[in-house]
Number of protein chains: 2
Amino acid sequence: MTELIEIAHPRVHACGRQPGESYCDTCKVRSLAVCAALGSEELPELDRIVHHTRAEAKTTFIHQGETAESVFSVTEGVVRLYKLLSDGRRQIIGFAMPGDFLGLALHNRYGFSADAVDHVALCRFERRDFDNLVTAKPHFLRRLHEFATHELVIAQEQMTLIGRRSAEERVAAFLIAMRERWARIKGPSVTIQLPMQRIDMADYLGLTIETVSRTLTKLARDGIILIVPEAVRVLDERRLAAIARA
Amino acid sequence: MTELIEIAHPRVHACGRQPGESYCDTCKVRSLAVCAALGSEELPELDRIVHHTRAEAKTTFIHQGETAESVFSVTEGVVRLYKLLSDGRRQIIGFAMPGDFLGLALHNRYGFSADAVDHVALCRFERRDFDNLVTAKPHFLRRLHEFATHELVIAQEQMTLIGRRSAEERVAAFLIAMRERWARIKGPSVTIQLPMQRIDMADYLGLTIETVSRTLTKLARDGIILIVPEAVRVLDERRLAAIARA
DNA sequence: CACACGATTTGATCCAGAGCAAGGACGGAT
DNA sequence: ATCCGTCCTTGCTCTGGATCAAATCGTGTG
């Protein structure tokens, strides 16, 4: 199992600068991003406890069932969160993208595993430190609660998708959802980046890899999308939305 | 659409007692239950804003898409939460039982509908009042955040159930989950109360009513459960758990 | 009691998506 | 360039659960 690479301790940033010296720009940008996600500009308090961390593709850095010792915030790349059944069946319960938090549940064990889809940069916090910070700052807690309830809404939407909608509807809704998530990060585009593999989409949508592939092919044959490596381009906005719409 | 019956305003309890008089016992017990759920004994503050409410079976009291004006806490009975697709397909996203909260998401519209499976008693709060209370009491906020993250864990479990497990596994897991929830409320029992209809189980598990019925019949034929009205009795603990286990 | 109505069970068929197998397409190593 | 390994696509068959259709069971009602 590949190890998580801790590129920076609170006082030793990736750039190699030493304590007391001014911020490494990359780390500063990342810390600020997490602060922004928490709705704050009080960088110093958060920066005292942040560990800047990197993970290569397929590195598993949260293991279902293990003691929850860290809270993460994604700053670059895409992370997949999944649950495994004992016989190997897998359900991906979500993709975490820049700005998202992982491991927020106040349980002492992780309920899922998480690994990097591509190269990922993360801010890591010791749970104890993070809890102290949140306890001291009720508006952080409020923000986290907003995150949690938003994730709950997404999860309920996903239950409906998986429980009651056809393969074509699931794939279309997934494409639309991915496009909206990227739009919030990078601005709107007709090209929907899909850094994850087909098998990840399948395990997220409760389908098989073959069904996902066939469904994408069908959407392409119908002139609704164009399949390109690592992405799809939307050709017919209206029809894609019509299929995805509940 | 049946109306929600507000049986008591803060100062006019169900028993008919008037302001200034001592508590109606039933209302007091219910208010206390909600306080306990919030991890507090500061009854007066909460009681100032609670509306004791009742709903008959099938009364819909949360409508998906409407402005979220109330927060509820169930004190008696079972509530089903569901999302409807435009063509009538329904996904039940959860059952709320005594002690559970509804409408906690900090969104201005409800993301689901809720109605009473059987006769239900609820404590209702105006969202504004509830928010003020929570903002004033960070430990309430913390408790609510715990609720939200716990619900998220349940929702993720359910995604896995619906996305990756067979009909028999879903039904067995549902029975075990229901038994554990009742056990926390009423203490352990080999009889699992099932106040909801087959169609509700089906819409919760992403199956059809026929499949639920057939699966229960199969479990009964295999000597694992005994089907009785409104409930099932567990005959073979071990085998049921083995099927339900992930 | 007979009847009606809704919930549930059971039976018979169907089909969307799973499972299996065989090719492509693409990138990295030699 | 060639070989590999991985991912993706496509064709074919199979099957779990959906769908359609009847009973059967309960419960309330005139």
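Letters A, B, ... mirror the listed sequences (proteins, then strands); counts begin at 1.
- One atom, CZ of B:Arg89, and another, C1' of D:dG17, lie 16 Å apart when rounded to the nearest Å.
- Protein atom CD1 of B:Ile227 is 14 Å distant from nucleotide atom C1' of D:dT24, rounded to whole Å.
- Considering only residues two or more places apart in sequence or on other chains, B:Glu157 meets the side chain to side chain donor-acceptor pair (under 3.5 Å) condition with A:Lys83.
- Summarising the geometry, the separation between CZ on A:Arg164 and C1' on D:dT19 is reported as 13 Å, rounded to the nearest angstrom.
- Nearest approach of B:Gln156 to A:Phe112, heavy atoms of both residues: OE1-CD2, 4.0 Å.
- Taking the centre of each ring, A:Phe72 and A:Phe101 stay at or above the 6.0 Å mark.
- Rounded to an integer number of Å, the gap from A:Ile199 CD1 to C:dG19 P is 11 Å.
- Between B:Met196 atom CE and C:dT8 atom C1' the separation is 16 Å, expressed in whole Å.
- Considering only side-chain N and O atoms, A:Thr208 lies under 4.0 angstrom from the phosphate OP1 or OP2 of C:dA18.
- You'll find that the side chain of B:Arg214 is closest to C:dA12, out of D:dC7, C:dA12, C:dT9.
- For B:Gln197, counting side-chain heavy atoms from C-beta on, the closest listed nucleotide (D:dA18, D:dT10, C:dT8) is C:dT8.
- Rounded to an integer number of Å, the gap from A:Glu230 CD to C:dC26 C1' is 12 Å.
- If you check every strand for non-hydrogen atoms under 4.0 Å, B:Leu207 touches sugar and phosphate atoms only.
- Using a 4.0 Å cut-off, no side-chain N or O of A:Ser166 falls inside it from OP1 or OP2 of C:dA16.
- At D:dG17, none of the side-chain N or O atoms of B:Thr211 fall inside 4.0 Å of OP1 or OP2 (strictly under the cut-off).
- Residue A:Ser213 has no polar side-chain atom (N or O) positioned under 4.0 Å from OP1 or OP2 of D:dT10.
- Closest to the B:Glu210 side chain, of the nucleotides D:dC8, D:dC20, D:dA18, is D:dC20.
- The 5' end of DNA chain C is approached more closely, in terms of each residue's nearest nucleotide, by A:Gly206 than by the other of A:Pro229 and A:Gly206.
- Across the protein-nucleic acid pair, A:Ile225 atom CD1 and D:dT9 atom C1' stand 14 Å apart, rounded to whole Å.
- When the nucleotides D:dG17, C:dA7, C:dT8 are ranked by their closest atom to the side chain of B:Lys58, C:dA7 comes out on top.
- Rounded to whole Å, atom C1' of D:dC20 lies 14 Å from atom CD1 of B:Ile209.
- With D:dT10, C:dT10, C:dG17 as the choices, the nucleotide that has an atom nearest any side-chain atom of A:Ala167 turns out to be C:dG17.
- Looking only at atom types and distance, the side chain of B:Ser213 has no donor-acceptor partner in the side chain of B:Arg198 under 3.5 Å away.
- Contact record, B:Asp200 with B:Arg90: OD1-NH2, 2.7 Å, taken as the closest heavy-atom pair.
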